[in-house]
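Below is one structure, written out as structure tokens, with a few remarks after it.
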Amino acid sequence: MLSGVLILGNPILRETCETVHGFQNEEIIQNIMDLKQALNDFRKEHGFGRGIAAIQIGIKRRIIALNLGKETSVIINPNIVWRSQESFTLWDDCMSFPDLVVKVKRSSSISVEYQDDQGIRHVMEKLGRAESELLQHEIDHLDGILAIDRAMDFKDIIYKSEYNKHHKFYNDQVDCSIIPTAD
């Protein structure tokens with residue numbers, strides 16, 4: 001298992017990930033296992049966590065591990081194939097900058113084409129806000145884009161501790177609050 005989640009400032013987080021080929025390759029299989037384990041470990045330690053991109057643990061491949069409250073799975077080579085015209089704002093957080101939250105605007109719904117760990121193609125159609133936001137965030141990671149890059153204004157990057165102290169004040173500034181999934 002690779003050690004820990006890379007933190008804001010690590011130049012690897014700004015790299016673009018490579019498309020995955022050869023799904024039965026031992027290295028790819030190990031990458032998938034490491035990524036799932038990283039998400040599971042984070043969830044055990046912190047009590048929440050919906051997704052992590054491979055680049056966040058130093059794997060430069062287009063793989064995302066997800067846990068939406070059931071079990072941890074992966075999507076590989078994800079691509080947003082449709083975005084709603086409607087958008088919404090929220091305070092976004094990230095495992096790579098655990099002490100910050102960022103006010104961002106995201107598409108209200110997206111459709112994502114991806115492959116599973118066997119290389120079979122799937123499409124998730126017109127996802128709801130929570131899943132859409134999560135996948136936009138994680139796919140950005142695969143392209144070297146961080147949520148802080150999407151901040152609506154320079155004043156919209158704040159310490160999570162202050163957000164937690166003034167939760168109502170900050171949530172009144174956005175359209176939606178995403179509820180973290182927990183075990």
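The structure places CG of Leu142 at 9.0 Å from CD1 of Ile63, a figure rounded to the nearest 0.5 Å. To the nearest 0.5 Å, atom CZ of residue Arg106 and atom CZ of residue Arg150 are 6.0 Å apart. Separation of atoms CG (Leu8) and CG (Leu146) is listed at 6.5 Å; rounding is to 0.5 Å. To the nearest 0.5 Å, the span separating CG on Asn79 from OG on Ser111 amounts to 11.0 Å. Note that the CD1 atom of Ile139 and the SG atom of Cys17 stand 11.5 Å from one another [nearest 0.5 Å]. Taking CD1 of Ile32 as the reference point, atom CD of Gln37 lies at 14.0 Å (rounded to 0.5 Å).
Under the 6.0 Å distance and 45° angle rule, Arg121 does not count as a cation-pi partner of Tyr114.
Residue Ile80 is grouped with residue Met124 when hydrophobic side chains (ILVMFWY) are merged at heavy-atom distances under 4.5 angstrom, including chains of intermediate members. Met152 and Phe154 sit in two unconnected hydrophobic clusters of ILVMFWY residues. Membership requires side-chain heavy atoms under 4.5 Å apart, directly or through other members.
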### Task
Determine, step by step, whether Ser161 and Asp99 satisfy the side-chain contact (heavy atoms from CB on, under 4.5 Å) criterion, reporting the C-alpha distance in whole Å, the side-chain angles of both residues, the deciding distance to 0.1 Å, and the verdict.
CA-CA 7 Å; Ser161 59; Asp99 298 329; over 6 Å; no
### Query
Where do Asp143 and Thr16 land on the side-chain hydrogen bond (donor to acceptor under 3.5 Å, both in side chains) test, with the steps shown first?
CA-CA 4 Å; Asp143 295 322; Thr16 301; 5.4 Å; no
### Query
Hey, mind stepping through Leu6 and Gln56 against side-chain contact (heavy atoms from CB on, under 4.5 Å) and telling me if it holds?
CA-CA 5 Å; Leu6 302 181; Gln56 290 180 271; 5.6 Å; no
#### Entry: Test log, rule side-chain contact (heavy atoms from CB on, under 4.5 Å), inputs Ile110 and Glu131
CA-CA 9 Å; Ile110 62 171; Glu131 295 83 7; over 6 Å; no
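Within a 6.0 Å radius of NZ in Lys105, no more than 12 heavy atoms belonging to other residues, nucleotides or ligands are found.
Side chain of Arg129 to main chain of Ser108: no donor-acceptor pair is present (N/O by atom type, distance under 3.5 Å, no hydrogens or angles). Formation of a donor-acceptor pair under 3.5 Å by the Ser107 side chain with backbone atoms of Ser109 is not found in this model.
In this structure the side chain of Asp92 never reaches within 4.5 angstrom of the side chain of Val101, judged on heavy atoms. With contacts defined as side-chain heavy-atom distances shorter than 4.5 Å, the pair Val174/Phe88 does not qualify. Contact annotation: the side chain of Leu90 approaches that of Val104 to within less than 4.5 Å [non-hydrogen atoms, C-beta and beyond]. Here the side chains of Leu134 and Leu68 are in contact, with some heavy-atom distance below 4.5 Å.
Checked by atom type, the side-chain pair Asp34/Gln30 shows a donor-acceptor distance below 3.5 Å. A donor and an acceptor atom, one from each side chain of Asp175 and Thr89, are located under 3.5 Å apart. Under the 3.5 Å distance criterion, with hydrogens and angles disregarded, no donor-acceptor pair is assigned to the side chains of Asn77 and Arg62. Side chain to side chain, Asn171 and Tyr163 meet the donor-acceptor criterion of an N or O pair below 3.5 Å.
Under the 4.0 Å criterion applied to side-chain N and carboxylate O atoms, Arg50 and Glu133 are assigned as salt-bridge partners. Between Arg14 and Asp149, at least one side-chain nitrogen of the basic residue sits less than 4.0 Å from a carboxylate oxygen of the acidic one, meeting the salt-bridge criterion.
Shown here for Phe97 and Ala147, the closest heavy-atom pair between the two residues is CZ-CB, 3.8 Å.
Every residue meeting the side chain to side chain donor-acceptor pair (under 3.5 Å) condition with Glu15, not counting sequence neighbours, appears here in chain and number order: Lys60.
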